[in-house]
Amino acid sequence: MSRIFRAVIMGPPGSGKGTISERIAHTFGLQHLSSGDFLRENIAARTEAGVLAKTYIEKGLLVPDHVMTRLLLPRLEEIARSSWLLDGFPRTLAQAQALNSACDLDVVISLNVPFETLKERLTHRWIHPASGRVYNMIFNPPHVKGLDDITGEPLIQHEDDKPEALVARLRHYKDVAKPVIDFYKSKGVLHTFSDTDTDHIWPHVSSLLGSKIPAPTPSVQPSPPH
Ligand SMILES: Nc1ncnc2c1ncn2[C@@H]1O[C@H](COP(=O)(O)OP(=O)(O)OP(=O)(O)O)[C@@H](O)[C@H]1O
Ligand SMILES: Nc1nc2c(ncn2[C@H]2C[C@H](O)[C@@H](COP(=O)(O)OP(=O)(O)O)O2)c(=O)[nH]1
């Protein structure tokens with residue numbers, strides 16, 4: 001049986017975590033668990049954690065660590081037999097430590113994208129609130145301007161993607177992420193990718209994972225060359 005592979009992807013808002021996670025999930029068959037999507041599902045289902053988390057998200061605050069770990073760790077336990085990729089969690093050192101007590105990670109991918117590029121991307125980011133589908137008016141625009149491709153419903157822009165909120169948000173990310181990055185560096189699992197383009201980063205991520213993810217054992221062994 002092939003071994004379970006566990007990865008985390010980190011990076012500031014707009015750095016391409018969602019876009020690269022989708023490519024990883026599609027190429028390597030890892031289960032993609034996004035903390036933001038999982039929170040939105042919990043909010044929609046009105047679970048106890050979801051109702052609590054909503055009060056923080058609405059104010060533009062991070063959800064407290066104990067709420068996040070209580071929500072995410074049991075979910076990871078449920079999918080413990082699959083290889084997975086976590087996106088958006090851990091976000092703080094306390095979350096990284098809680099995750100570390102639950103399991104070992106094989107790889108942490110850290111996306112390092114210049115501030116000006118993040119600003120440019122996020123000001124063009126529009127989402128379909130019901131599904132969380134993300135569009136970029138330049139990189140991947142919807143078929144019809146302002147409307148979701150699948151449902152035809154209107155797209156909206158997050159308040160915190162608007163230029164006036166962005167600078168503070170990116171600065172806050174840096175402060176919180178630094179100890180997490182140092183933690184994974186000290187564990188020897190951190191891989192940092194720096195570029196302005198997802199399409200330039202992707203081949204490097206893909207070759208790293210290709211070298212680390214054990215190929216599934218074929219059911220019929222090929223005969224050795226003579
Ligand atoms: N690990 C986490 N710890 C605390 N709060 C979190 C965490 N993950 C998500 N959240 C909360 O959920 C909200 C939505 O998360 P999500 O990752 O979708 O969007 P985001 O913060 O805008 O980041 P990004 O733009 O990088 O996707 C966050 O703004 C935050 O309030
Ligand atoms: N112009 C441009 N836009 C990009 C690139 N990679 C991703 N994007 C877009 C897609 C989204 O609208 C936005 C943020 O990407 P995302 O994958 O949602 O990032 P993240 O917030 O999950 O880290 O930027 C890219 O390489 N170039």
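In each ligand, atom 1 is the first atom listed, and ligand 1 is the first ligand listed. Side-chain atoms are counted along with the backbone in the values below, which use heavy atoms only and exclude waters and symmetry mates.
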Validation row: Ile109, Lys17 side chains within 4.5 angstrom (heavy atoms): no
Counting heavy atoms only, name the option from [options] that's nearest to [atom].
atom	options	answer
atom 31 (O) of ligand 1	Leu61, Val63, Leu39, Leu111	Leu61
atom 17 (O) of ligand 2	Thr196, Thr19, Ile9	Thr19
atom 27 (O) of ligand 1	Arg125, Arg121, Lys59	Arg125
atom 12 (O) of ligand 2	Asn136, Ile20, Ile127, Leu118	Asn136
atom 1 (N) of ligand 1	Gly88, Ser15, Ser35	Gly88

Give the residue and atom name of whichever protein heavy atom lies nearest to [atom], and the separation in Å to one decimal.
atom	value
atom 18 (O) of ligand 2	Arg125 NH1, 3.3 Å
atom 15 (O) of ligand 1	Gly36 CA, 3.7 Å
atom 26 (O) of ligand 2	Thr198 N, 2.7 Å
atom 14 (C) of ligand 1	Arg40 NH1, 4.0 Å
atom 7 (C) of ligand 1	Met68 CE, 3.6 Å
atom 22 (O) of ligand 1	Arg169 NH2, 2.7 Å
atom 17 (O) of ligand 1	Arg91 NH1, 3.6 Å
atom 26 (O) of ligand 1	Lys17 NZ, 2.6 Å

Any atoms of ligand 1 less than 4.0 Å from a non-hydrogen atom of [X]? List them with their elements.
X	value
Pro13	24 (P), 25 (O), 26 (O)
Gln95	1 (N), 2 (C), 3 (N), 4 (C)
Phe89	1 (N)

Heavy-atom closest pair, residues [X] and [Y]:
X	Y	answer
Thr123	Glu120	OG1-O, 3.1 Å
Pro179	Leu93	O-CD1, 3.8 Å
Leu118	Pro12	CD1-CG, 3.6 Å
Leu111	Ser15	CD1-O, 3.5 Å
Asp87	His32	OD2-NE2, 3.0 Å
His143	Asp149	N-OD1, 2.8 Å

Please check if [X] and [Y] belong to a single hydrophobic cluster, counting links between Ile, Leu, Val, Met, Phe, Trp and Tyr side chain heavy atoms closer than 4.5 Å.
X	Y	result
Trp84	Leu209	no
Leu155	Ile127	no
Leu105	Val107	no
Ile9	Phe193	yes
Leu33	Leu62	no

Arg121 and ligand 2 - part of the residue with a heavy-atom distance under 4.0 Å: side chain
Side chain, backbone, both or neither: the part of Asp197 lying under 4.0 Å from ligand 2 by heavy atom: both
Sidechain N-carboxylate O distance under 4.0 Å for Asp182, Lys178: yes
Salt bridge present between Asp148 and Arg133 (N-O < 4.0 angstrom): yes
Indicate yes or no: does an N/O atom of [X] lie under 3.5 Å from an N/O atom of ligand 2?
X	answer
Gly16	yes
Asp199	no
Pro13	no

Val134 touching ligand 2 at heavy-atom level, < 4.0 angstrom: yes
Gly11 to ligand 2, any heavy atom closer than 4.0 Å: no
Where ligand 2 meets [X] - atom numbers and elements under 4.0 angstrom, heavy-atom basis:
X	result
Pro12	23 (O)
Gly18	17 (O), 20 (P), 22 (O)
Tyr135	12 (O)

Sidechain-backbone polar pair: Ser110 side chain, Thr192 backbone, donor-acceptor under 3.5 Å: no
Heavy-atom donor-acceptor pair, Tyr173 side chain to Gly11 backbone, under 3.5 Å: yes
His158 touching ligand 1 at heavy-atom level, < 4.0 angstrom: no
Verify atom 19 (O) of ligand 1: protein non-hydrogen atom under 4.0 angstrom away: no
Check: Asp37 N/O within less than 3.5 Å of ligand 1 N/O: no
